[in-house]
Amino acid sequence: VQLQASGGGLMQAGGSLRLSCAASGRTFSMYTSGWFRQAPGKEREFVAYISWNGGSTYYADSVKGRFTASRDNVKNQVYLQMNSLKPEDTAVYYCAAGQTRSLYATARVDYWGQGTQVTVSS
């Protein structure tokens, strides 16, 4: 599985962005998919994941209620809708996939996409 993230950019606090992750590989729909982020000088952290069929989602407390993960297995795409952005959301965002029910840790990730930069100004 290969993953390609896009959609990052510069946004003012309170604004919205939608990240997309295009996946290649026939078996992508069988993987739990998710998003992680890494701010300068910090470790990569979990943001959200969505089950293989889109039936369940899980979010980090810091983004709960503001971010929404979704997927389209026909198009082989995963999305992260980010609303009410805050300066502390500034980071490089990575899409990820893994053969696990719970993709909440980097150790559970089998495939990483390249990152896309999100910068939120105050």
Side-chain angles (χ1 to χ4, degrees):
V1 174
Q2 291 186 323
L3 306 172
Q4 180 85 20
S6 62
L10 175 63
M11 180 59 62
Q12 286 190 331
S16 298
L17 278 175
R18 188 194 197 203
L19 304 183
S20 298
C21 179
S24 63
R26 296 180 180 179
T27 60
F28 171 72
S29 61
M30 299 172 61
Y31 287 80
T32 298
S33 298
W35 296 89
F36 290 73
R37 67 187 181 186
Q38 188 166 18
K42 295 187 176 182
E43 292 187 351
R44 194 169 298 188
E45 65 175 8
F46 166 73
V47 175
Y49 73 74
I50 184 167
S51 61
W52 67 274
N53 63 354
S56 62
T57 53
Y58 189 78
Y59 301 94
D61 287 344
S62 58
V63 307
K64 201 173 295 183
R66 300 188 297 122
F67 290 10
T68 303
S70 60
R71 68 189 298 161
D72 184 334
N73 284 342
V74 174
K75 295 182 178 179
N76 271 6
Q77 295 266 355
V78 180
Y79 307 101
L80 185 68
Q81 178 66 42
M82 306 186 295
N83 298 330
S84 302
L85 284 163
K86 303 177 181 180
E88 51 264 44
D89 294 321
T90 295
V92 176
Y93 283 71
Y94 297 88
C95 58
Q99 289 184 306
T100 174
R101 289 187 177 181
S102 301
L103 198 68
Y104 60 81
T106 57
R108 291 174 170 249
V109 175
D110 295 313
Y111 301 98
W112 290 102
Q114 97 295 351
T116 184
Q117 176 71 47
V118 173
T119 303
V120 184
S121 62
S122 57

* State which residues pass salt bridge (Lys or Arg N to Asp or Glu O under 4.0 Å) with R66; sequence neighbours excluded, sorted by chain then number. => D89
* What are the two closest non-hydrogen atoms of A48 and A69, and how far apart are they? -> CB-CB, 4.3 Å
* **For V63, the option from T68, V47, L85 that meets side-chain contact (heavy atoms from CB on, under 4.5 Å)** => V47
* Asked: Can you list every side chain to side chain donor-acceptor pair (under 3.5 Å) pair that touches residues 74-87, not counting sequence neighbours?
  -> S16-N83, Q81-N83
* Asked: Hey, is the main chain of S56 close enough, under 3.5 Å, to the side chain of S51 for a donor-acceptor pair?
  -> yes
* Distance-only donor-acceptor check, side chains T106 and R44, under 3.5 Å -> no
* Check whether any side-chain heavy atom of Y94 sits under 4.5 Å from a side-chain heavy atom of C21, and report yes or no. => no
* **Side-chain H-bond candidate by donor/acceptor type, S6 with Q4, under 3.5 Å** => no
* Asked: Given F36 and W112, is the ring-ring contact (aromatic ring centres under 6.0 Å, His included) satisfied, shown in steps?
  -> CA-CA 10 Å; F36 290 73; W112 290 102; 5.2 Å; yes
* Structure fact -> What one should report as the nearest heavy-atom pair of R71 and I50 is NH1-O, 3.6 Å
* Find the distance between CH2 (W35) and CE (M82) and round it off to the nearest 0.5 Å. => 8.0 Å
* side chain to side chain donor-acceptor pair (under 3.5 Å) evaluation trace for E88 with T90 -> CA-CA 5 Å; E88 51 264 44; T90 295; over 6 Å; no
* Passing candidate, side-chain contact (heavy atoms from CB on, under 4.5 Å) with T116, options L17, L19, L80 -> L19
* Minimum side-chain heavy-atom gap T57-Y49 below 4.5 Å -> no
* Which atoms form the tightest heavy-atom contact between A39 and A91, and what is the distance? -> N-CB, 3.8 Å
* Under a 4.5 Å side-chain heavy-atom rule over Ile, Leu, Val, Met, Phe, Trp and Tyr, are M11 and V92 clustered together? -> no
* Structure fact -> Across all chains, not counting sequence neighbours, the ring pair (Phe, Tyr, Trp, His ring centres under 6.0 Å) partners of W52 are none
* Would you indicate whether Q2, at its atom CD, is surrounded by more than 12 heavy atoms from other residues, nucleotides or ligands within a distance under 6.0 Å? => no
* Asked: Which pair of non-hydrogen atoms, one from F46 and one from Y59, has the smallest distance, and what is that distance?
  -> CE2-C, 3.8 Å
* Heavy-atom check, side chain of C95 versus side chain of V78, under 4.5 Å -> no
* Sub-3.5 Å donor-acceptor pair from the side chain of S102 to the main-chain atoms of Y104, do we have one? -> no
* Answer yes or no: is there a side-chain heavy-atom contact under 4.5 Å between S62 and R37? => yes
* To do: Take Y31 and Y111 through the ring-ring contact (aromatic ring centres under 6.0 Å, His included) test and state the conclusion after the steps.
  => CA-CA 10 Å; Y31 287 80; Y111 301 98; 5.6 Å; yes
* Heavy atoms, side chains only, cut-off 4.5 Å: are F28 and L3 in contact? -> yes
